[in-house]
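If you scroll down you'll find the structure; I have some questions about it.
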Amino acid sequence: MTKVKAFYNPLSLLARQLGSALFMGYLNRWSRFPGWLLRHSFQSIPVSNGAWGMGCIGYPGHPAWEVTGACNLRCIHCHATSGKPSPDELTTDEGKKLIDMLAAESDFRTLIYTGGEPLVRPDIFSLLRHSQKAGLANIIATNGTLIDEETAFKLKDHGVVCNAISIDAADPQTHDFVRNRSGAFDLALRAIEATKKAGILLQINTTAMEYNMPHLPDLIDFADDCGAGIMLMYQLVAVGRGEKIEKATLKKSANKYLSELIADKQKNAKTIIEPVAGPQYWPYLLEKNGIRGEKLLKLAGNLFHGCAAGRGFVYIKANGDVWPCPFVEINAGNIRNAGFGKIYREAPVFQHLRKREDLLKGACQTCKYKTICGGCRGRALAYSGDYLAEDPRCFIQEKLKPDGIKFIS
């Protein structure tokens, strides 16, 4: 079995992680940054294992595996339209072979288990143990409903360094509405407490959409009060079950508001808040601070990675199909037919996304922030059918009216 590199190999990875957090903290005037370093940074290092900057859809160098399409919930925004397991999902042996393939890639030091709900897969602990033995740091992206104290300690024993628990609002009624199940919020609270008791880093994942936008300020405070080390603020992309609620995706003005909200809350937050499917956050921070010089932008490009789809981030479907991102629904190949490494390095979609600066179209091609941001490739694909098209919800080059934000009641 291939053993992955340690998170400190090479040391430049640690320097970039620290540099990214320092620069983001400076741009936001993050008053609690020293406290976050003392409280969460050592736990966060394995979560951002092998990262070379702050990006969108997780840190670069992150593979995510949708281990099953099965789920015990029917969330209205699910990109995977989860429900029942697919008949062609990777078997236990095939899953272990995939893990070995991922461990063989020098860029990867961590593995995100997602779904569906990964904890409904019967062999999940066997898979976690296998990736733990390979040296990968395990992360569970979960709705939290199945994590009690006993399960949390078992996850810890199987190499899980982070439980990323999805919360859609600090208001139980709104959360349960999005999750399509009464009582889901209370079960998620149980998971949060169990995660902390087991000594696993708590991450809160949220999907911002018009249904919960009014609740987001309180939800950020809730994540902070819960002691979360990381909060990922996703934006709804109209894929999967989310296609049915396309009207709830954020428009340009709401995208801008979300960046403003994250930056404002970050000033005094004890957790680090990062956008997903909103790479405009990074140029927004630079514009806000008046950083426009060529040398400074080059520095920012080394620390802020923007959209990581296909260039550091990769998404493996339950049946072994390899996508650049859960929102970029393009199958580059299947690990049953070709080795993961060959797909990841040679498939055209991955090659295009790695040299996207030369291939982007429209406003994204002419934008000076195309290295730092690059636009959301998933959103471009969802609205134009072209993953290299301009991001239709970018607000950076537009002047928005102050009253442009409207919520669905």
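Index from 1, following the sequence.
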(message) Among residues at least two apart in sequence or on other chains, which ones pass side-chain contact (heavy atoms from CB on, under 4.5 Å) with T174?
(response) A169, D171, N212, H215
(request) Compute the ring centroids of Y369 and Y284, then answer whether they are less than 6.0 Å apart. (result) no
(request) Applying side-chain contact (heavy atoms from CB on, under 4.5 Å), name anything that partners R311, two or more places apart in sequence or on another chain. (result) H305, R354, R356, E357
(request) Could I get the full list of side chain to side chain donor-acceptor pair (under 3.5 Å) partners for K265, not counting sequence neighbours? (result) D221
(message) Taking ring pair (Phe, Tyr, Trp, His ring centres under 6.0 Å) as the definition, give me every residue that meets it alongside H352, ordered by chain and number, with sequence neighbours left out.
(response) none
(message) Side chains of E329 and Y315 only: does a donor on one sit below 3.5 Å from an acceptor on the other?
(response) no
(request) Check ring pair (Phe, Tyr, Trp, His ring centres under 6.0 Å) between W65 and all other residues, then give those that pass, not counting sequence neighbours. (result) Y113
Could you go through residues 200-208 and list every donor-acceptor pair under 3.5 Å that involves a side-chain atom there, pairing it with any protein atom two or more places apart or in another chain?
| residue | atom | partner | partner atom | Å |
| --- | --- | --- | --- | --- |
| Q203 | NE2 | N205 | OD1 | 2.8 |
| T206 | OG1 | I167 | O | 2.9 |

(message) If the condition is side-chain contact (heavy atoms from CB on, under 4.5 Å), which residues does A152 pass it with, not counting sequence neighbours?
(response) I147, A194, A198
(request) State whether a side-chain donor-acceptor pair under 3.5 Å links R32 with T271. (result) no
(request) List in chain and number order the residues that pass side-chain contact (heavy atoms from CB on, under 4.5 Å) with D88, two or more places apart in sequence or in another chain; answer none if no residue qualifies. (result) S86, N319, R336
(message) Taking the six-membered ring for Trp, are H62 and F313 closer than 6.0 Å centroid to centroid?
(response) no
(message) Less than 4.5 Å apart, side chain to side chain, heavy atoms only: is that true for F108 and F340?
(response) yes
(request) Kindly write out the residues that satisfy side chain to side chain donor-acceptor pair (under 3.5 Å) with N9, not counting sequence neighbours, or none if the list is empty. (result) none
(message) Is it true that S31 and N268 share a donor-acceptor pair across their side chains at a distance under 3.5 Å?
(response) yes
(message) With heavy-atom distances below 4.5 Å as the criterion, would you say the side chains of D176 and R181 are in contact?
(response) no
(message) Going by side chain to side chain donor-acceptor pair (under 3.5 Å), name the residues that satisfy it together with Q132, two or more places apart in sequence or in a different chain.
(response) R129
(message) Quick check: do V322 and V314 have side-chain heavy atoms less than 4.5 Å from each other?
(response) yes
(request) May I have all residue pairs that pass side chain to side chain donor-acceptor pair (under 3.5 Å) and include part of residues 35-45, sequence neighbours excluded? (result) none
(request) Ignoring hydrogens and angles, state whether a donor on the side chain of R379 or Q235 is under 3.5 Å from an acceptor on the partner side chain. (result) yes
(request) Look up atom SG in C226 and atom NZ in K270, then write down how far apart they are to the nearest 0.5 Å. (result) 10.0 Å
(message) When you compare the side chain of H158 with that of S131, does any pair of heavy atoms fall below 4.5 Å?
(response) no
(message) My understanding is that only residues two or more places apart in sequence, or in another chain, count here; which of them pass ring pair (Phe, Tyr, Trp, His ring centres under 6.0 Å) with F23?
(response) F304
